[in-house]
Amino acid sequence: MPLLNLGILAHVDAGKTSLTERLLHTVGVVDEPGSVDAGTTRTDTLDLERRRGITIKSAVVSFPVDDVTVNLIDTPGHPDFIAEVERTLSVLDGAVLVVSAVEGVQAQTRVLMRTLRRLRLPTLVFVNKIDRSGARPDRVLHDIAERLTPAITPMGRAARPGSRGARFVPYDTAAVPGLADLLAEHDEEMLTAYVEDTVSRDRLRTALVAQTRRARVHPVFLGSAITGAGVGELVAGIRELLPSADGDSEGPVSGTVFKVERGPAGEKIAYARVFSGTVRVRDRLPLPGGRSGKITAVTVFDHGTDRLTPAVTAGHIARLWGLTDVRIGDTLGTPPPGHRPEHHFAPPSLETVVVPGPGTDRGALHLALTQLAEQDPLIDLRHDEIRRETSVSLYGEVQKEVVQATLADEYGLGVTFRETVPLCVERPVGSGTAAEFNKKGDNPFLATVGLRVDPAPVGSGVRFALEVELGAMPYAFFKAVEDTVRETLAQGPHGWQVTDCTVTMTHCGYSPRQSHAHQGFDKSMSSTGADFRGLTPLVLMAALSRAGTRVHEPVHHFRLVAPVDTLGAVLPALTAAGAVPETTEPRGTGCVLEGRVPAVHVHALEQALPALTRGEGELESAFDHYAPHARAAVPERPRTDLNPLDRKEYLLNLTGRVGTA
């Protein structure tokens, strides 16, 4: 039976989870669609999700459409939980992007569509809430074409929008406005037929299916998840227009883990898409880094629930038990063709310190946070042993509240948080070199390491290169240097992650293995990986200090809608927050301002806006880029490493931890 792994994506409150419920009802999986407000939805299973009425964790539910089984993944819409969406994208065959007919194209909508287009993921658009007062479907279609992609084709129109009786009126294929023109842009045969006026209805439909499946065009449906208007047509579109999963069930096992959760007994459960091969109970699967695990149970999703099965084949999404060392993002077996671990969205731009409440055990808190980080690696725990503090990375204040509630509800741990601060980065401003030589000077390590740090283009990350012969010493020593370089760059001279640089190894050397007849290996006279791991941070920090770094802070793009008569109060507040409005567009009695604002001031603006705009203002923001920190005091981040900036302290810390160097 053909399979389709489908993602539902949207800006928060566009009606994505309600649409999921209506889809389940339309295909006969549930008798009545669940309600987000009543907390009765099938995919929002967490108590916290039901209390807040938002999706926090991705959830999978399956249903049949004719001869196709659809595995539908409902993803979070709030930007604070964009990491959940990121992990889901790697396992999808197609997507439905939900846009509200009332609120229209929003900040998160644009972020999602840019990513879907970049990944060339076949996508349908569903304009929801046409029954709501204030619905403007025609305006929204115009905005989708202007702000998301011009490659859209409405599959019908909304009748009586803004009323309870609103419905979707589908077009006949031959009557879809501009369809032939759009399809001819990507199809020479279609262009010829169009010029010769010989385009038939069947040819139009065939071309529409083909180009939708290649993500060249995006059909748009309109309707209401609450009343069911247009949902039947959307279901038919999903069945016809989106591609089925492919994969060879007889091939080598290949899969991707996109979610990890804990079961009732604390056991790990991995959600994985199988791209190739067959995974069976009792199989031992290789994981990255030499790890492995033995499958003890498998469930697949079926008709709104999941069922135990002895095996799962290519194309399916399954829950796997037994992989005790599994992590989100792991490949199972061999990597899928074209697999590249990459971030589709910006990383978190905020950080806060978790403060244990009265009577909260620090050890239990650390364990709980570690388990939460397993489910969301971008939380990125950072433990300071000296201050006995743990920091977490965040996308926003809502995520902080969710972490707090999760610790209280699931672990019985009370916590508060310090003030949220922006998560900065450091970039080299010049080039710097340093070297230390084996058995020379005050080098206590049996190793020679020379490094040069050079700035690299923005967004390029960290690159490690060699100017020495690869055969000059054992490969394991080169690997120790490279791994340590990447680890050390987590904290630059000011304590922030160092990025966008090239680190080149310019010198190397070691003491060969020493042993005596009938005696063992003499460690005191022979280089080991520990020597290179110990020396590299000192050399790298010396080179980086000579290159110099500049701290860059995260900057958000903002879109602010406010009544025109409140701009006199809003503009000074934007100026005080360091915001730079770049465009201003009148809209009825209101005004839309777009521009850039330092991330550190976004939350304060959100809190101040209601009072400045009589409660009518709306502020959306999303990470845009890092900009040089312009204020006088350069932000410093407390170090949590052995502090290779201070040679004496570093060597003392290293000796105290691992013995004499």
I'd like to know if [X] pairs up with [Y] as an ion pair, taking the criterion as any Lys NZ or Arg NE/NH1/NH2 lying under 4.0 Å from an Asp or Glu carboxylate oxygen.
X: Arg201; Y: Asp172; answer: yes
X: Arg319; Y: Glu261; answer: yes
X: Asp93; Y: Arg273; answer: yes
X: Glu374; Y: Arg327; answer: no
X: Glu185; Y: Arg216; answer: no

TODO: Just do the side chain to side chain donor-acceptor pair (under 3.5 Å) check on His556 and Ser349 with the steps written out, would you?
DONE: CA-CA 9 Å; His556 284 206; Ser349 60; 3.3 Å; yes
TODO: Go through His11 and Glu103 one step at a time and tell me if the side chain to side chain contact (heavy atoms under 4.5 Å, CB included) criterion holds.
DONE: CA-CA 10 Å; His11 186 98; Glu103 289 83 8; over 6 Å; no
If you draw a 6.0 Å radius around [atom1] in [X], do more than 12 non-hydrogen atoms from other residues or ligands fall strictly inside?
X: Arg160; atom1: CZ; result: no
X: Arg167; atom1: CZ; result: no
X: His142; atom1: NE2; result: no

TODO: May I ask you to check whether Lys400 and Thr420 show a side-chain donor-acceptor distance below 3.5 Å?
DONE: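 Yes, a side-chain donor-acceptor pair sits under 3.5 Å.
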Task: Test item: side-chain donor near acceptor, Thr227 and Asp131, under 3.5 Å - done: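 No donor-acceptor contact under 3.5 Å links the two side chains.
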Would you indicate whether the side-chain heavy atoms of [Y] and [X] approach each other to under 4.5 Å?
X: Asp380; Y: Val392; result: no
X: Val597; Y: Leu605; result: yes
X: Val98; Y: Ile8; result: yes
X: Leu574; Y: Leu560; result: yes

Open item on the list: The test is salt bridge (Lys or Arg N to Asp or Glu O under 4.0 Å); show your working for Glu618 and Arg559 and say whether it passes.
Closed with: CA-CA 8 Å; Glu618 299 176 10; Arg559 182 173 184 268; 5.9 Å; no
Task: Minimum heavy-atom distance Pro161-Ala166, with the two atoms named - done: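 Looking at all heavy atoms of both residues, the closest pair is CA-CB, 4.1 Å.
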Open item on the list: Minimum heavy-atom separation for Val29 and Ser62, please, with both atom names.
Closed with: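 The answer is CG2-O, 4.3 Å.
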Open item on the list: Run Thr256 and Phe275 through side chain to side chain contact (heavy atoms under 4.5 Å, CB included) and show every step you take.
Closed with: CA-CA 8 Å; Thr256 298; Phe275 290 95; 3.5 Å; yes
- [ ] Taking Thr123 for its side chain and Leu121 for its backbone only, find out whether a donor-acceptor pair lies under 3.5 Å.
- [x]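 Flag set: sc Thr123 to bb Leu121 pair under 3.5 Å.
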Open item on the list: Tell me whether the rings of Phe168 and Phe221 are parallel (<30°), tilted (30 to 60°) or perpendicular (>60°).
Closed with: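 Tilted, since the angle between the ring planes falls between 30° and 60°.
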- [ ] Could you tell me the separation between the CZ atom of Phe301 and the CG atom of Asn5, rounded to the nearest 0.5 Å?
- [x]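 Here the rounded value is 10.5 Å.
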